[in-house]
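The structure appears below as structure tokens.
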Amino acid sequence: MVRRELGIPTVKWNYDQSAVVAVLHLSEPTENNVAWQRFLPTGPIAMLPLSDTQSSLVWSTSHRLAEELLELDEESFVDAINSAFWSNENQSELIETAGSLFRSILSAIMPYAGSPRQLPPSVAGIGPKTRVMFPLGMGHASEYIRHRVALIGDAAHRVHPLAGQGANLGFGDVACLTQLLSQAAFTGKDLGAMQHLLEYETDRQRHNLPMMAAIDLMKRLYSTNAAPAVLLRTFGLQTTNMLPALKEQIMAFASK
């Protein structure tokens, strides 16, 4: 609303997908500190830890399937979630064999690298009135600031949830703006001066735009079931998992 009232232009497009979200109750308490994501033919499904007994669901899929998921009773919805994470129905034997062979080669080359394979937790129920859906798309404001106004979070940018970076980008905006305003207050300067706001805009756009471009590229890469693309992303993820230094660099950049 603030962005619209200020007349700040936005570059945006829709992905022809919707996300179904809900709070999930796990079958049993567990050391729930791992985020899970699986790429299905209609889009990715993700489970993000909230506590030892709860996780957050983000299921990106077609508009039609999203509406069907909303209409399911709780038991059928829970069954659909567990099936989406555990079923091998949509796996290609060729891709699975090639991926297993590549993983074995990496293990032989780097026997002490990588992480032990884990399995996602089972879901037993959902939180009351937590199941909703919303359309997915990409959007970016051409300007983050105006006179005595700064846009943060979804007001400045919108991304696909497949990389789980929407909240991180917003937290980064808040951290950057807070630091700059704290410095201005400490030196007795006007908090709303364009000098500080311009510094905020420059810093965050330099970070947000490359991240948004990477997320959009990932969305397009995972939107195809063509064997070469599937093999490419499979090998890429397996290689990344075997290189702790690379994973740490990715996580460090994503957390800014």
Side-chain angles (χ1 to χ4, degrees), residues 12-27 32 34-50 54-96 99 118-140 154 157-169 212-234 236-237:
K12 59 182 179 180
W13 55 85
N14 294 321
Y15 284 131
D16 197 29
Q17 282 187 322
S18 289
V20 176
V21 299
V23 173
L24 307 178
H25 298 304
L26 305 183
S27 298
N32 191 25
V34 176
W36 297 93
Q37 184 164 241
R38 190 178 190 190
F39 290 90
L40 306 174
T42 57
I45 180 173
M47 198 181 337
L48 312 174
L50 295 176
Q54 290 185 327
S55 288
S56 175
L57 171 75
V58 183
W59 191 339
S60 303
T61 187
S62 65
H63 300 308
R64 180 187 59 81
L65 182 55
E67 292 173 355
E68 292 176 0
L69 290 171
L70 281 186
E71 294 173 358
L72 293 176
D73 59 74
E74 180 175 340
E75 183 178 354
S76 298
F77 183 63
V78 169
D79 287 343
I81 295 169
N82 287 323
S83 177
F85 275 105
W86 290 86
S87 174
N88 294 323
E89 179 182 353
N90 296 307
Q91 286 188 334
S92 163
E93 185 175 345
L94 170 64
I95 301 300
E96 187 68 18
Q118 297 174 282
L119 297 174
S122 177
V123 178
I126 62 173
K129 299 181 180 180
T130 63
R131 189 177 8 164
V132 296
M133 64 175 282
F134 56 89
L136 297 177
M138 171 76 77
H140 186 260
D154 287 353
H157 39 73
R158 177 186 175 204
V159 296
H160 194 285
L162 68 85
Q165 290 304 303
N168 283 351
L169 292 178
M212 294 178 69
I215 293 172
D216 186 63
L217 178 61
M218 288 178 60
K219 163 65 178 68
R220 298 180 190 280
L221 180 62
Y222 279 94
S223 294
T224 177
N225 293 320
V230 176
L231 283 171
L232 176 63
R233 67 200 191 201
T234 299
L237 286 176

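Bear in mind that the values here come from a model prediction, so they are computed numbers and not experimental data.
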Is there side-chain contact between [X] and [Y], with at least one heavy-atom pair below 4.5 Å?
X	Y	value
V20	V132	no
N14	P135	no
V21	W59	no
K219	M138	no

**Q.** Atom pair CG (D79) and CD (E74), whose distance is rounded to the nearest 0.5 Å
**A.**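 The distance works out to 10.5 Å.
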
query: Roughly how far apart are Y15 OH and R220 CZ, rounded to 0.5 Å?
result: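 CZ of R220 is found 6.0 Å from OH of Y15.
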
Tell me, please, which residues at least two apart from P49 pass side chain to side chain contact (heavy atoms under 4.5 Å, CB included).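 P49 satisfies side chain to side chain contact (heavy atoms under 4.5 Å, CB included) with N32, A35 once adjacent residues are dropped.
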
Query - side chain to side chain contact (heavy atoms under 4.5 Å, CB included) against H25, all qualifying residues, sequence neighbours excluded - result: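 Listed in chain order: Q54.
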
Worksheet entry | Test applied, side chain to side chain contact (heavy atoms under 4.5 Å, CB included); reference residue, M133; option that passes from L69, T61, L70 |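 Among the candidates, only L70 passes.
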
TODO: Examine distances only and state if a side-chain atom of R38 and a backbone atom of F85 form a donor-acceptor pair shorter than 3.5 Å.
DONE: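 Pair found, side chain donor or acceptor close to backbone of F85.
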
**G43 versus Q17, closest heavy-atom pair with distance** =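 Shortest heavy-atom separation between G43 and Q17 comes out as CA-NE2, 3.8 Å.
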
Only pairs at least two apart or in different chains count here, so list each salt bridge (Lys or Arg N to Asp or Glu O under 4.0 Å) that has a residue in residues 60-73.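 Listed by first then second residue: R64-E68.
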
Just to verify, what does H157 make a ring-ring contact (aromatic ring centres under 6.0 Å, His included) with, not counting sequence neighbours?
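By the ring-ring contact (aromatic ring centres under 6.0 Å, His included) rule, H157 matches no residue at all.
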
- Query: Considering residues at least two apart in sequence or located in another chain, which fulfil the side chain to side chain donor-acceptor pair (under 3.5 Å) criterion with S122?
  - Reply: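 Only S27 meet the side chain to side chain donor-acceptor pair (under 3.5 Å) criterion with S122.
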
| task | Any side-chain hydrogen bond (donor to acceptor under 3.5 Å, both in side chains) involving residues 127-136? Give me the pairs, sequence neighbours left out, ordered by first then second residue. | result |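 Residue pairs with at least one partner in residues 127-136: there are none.
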
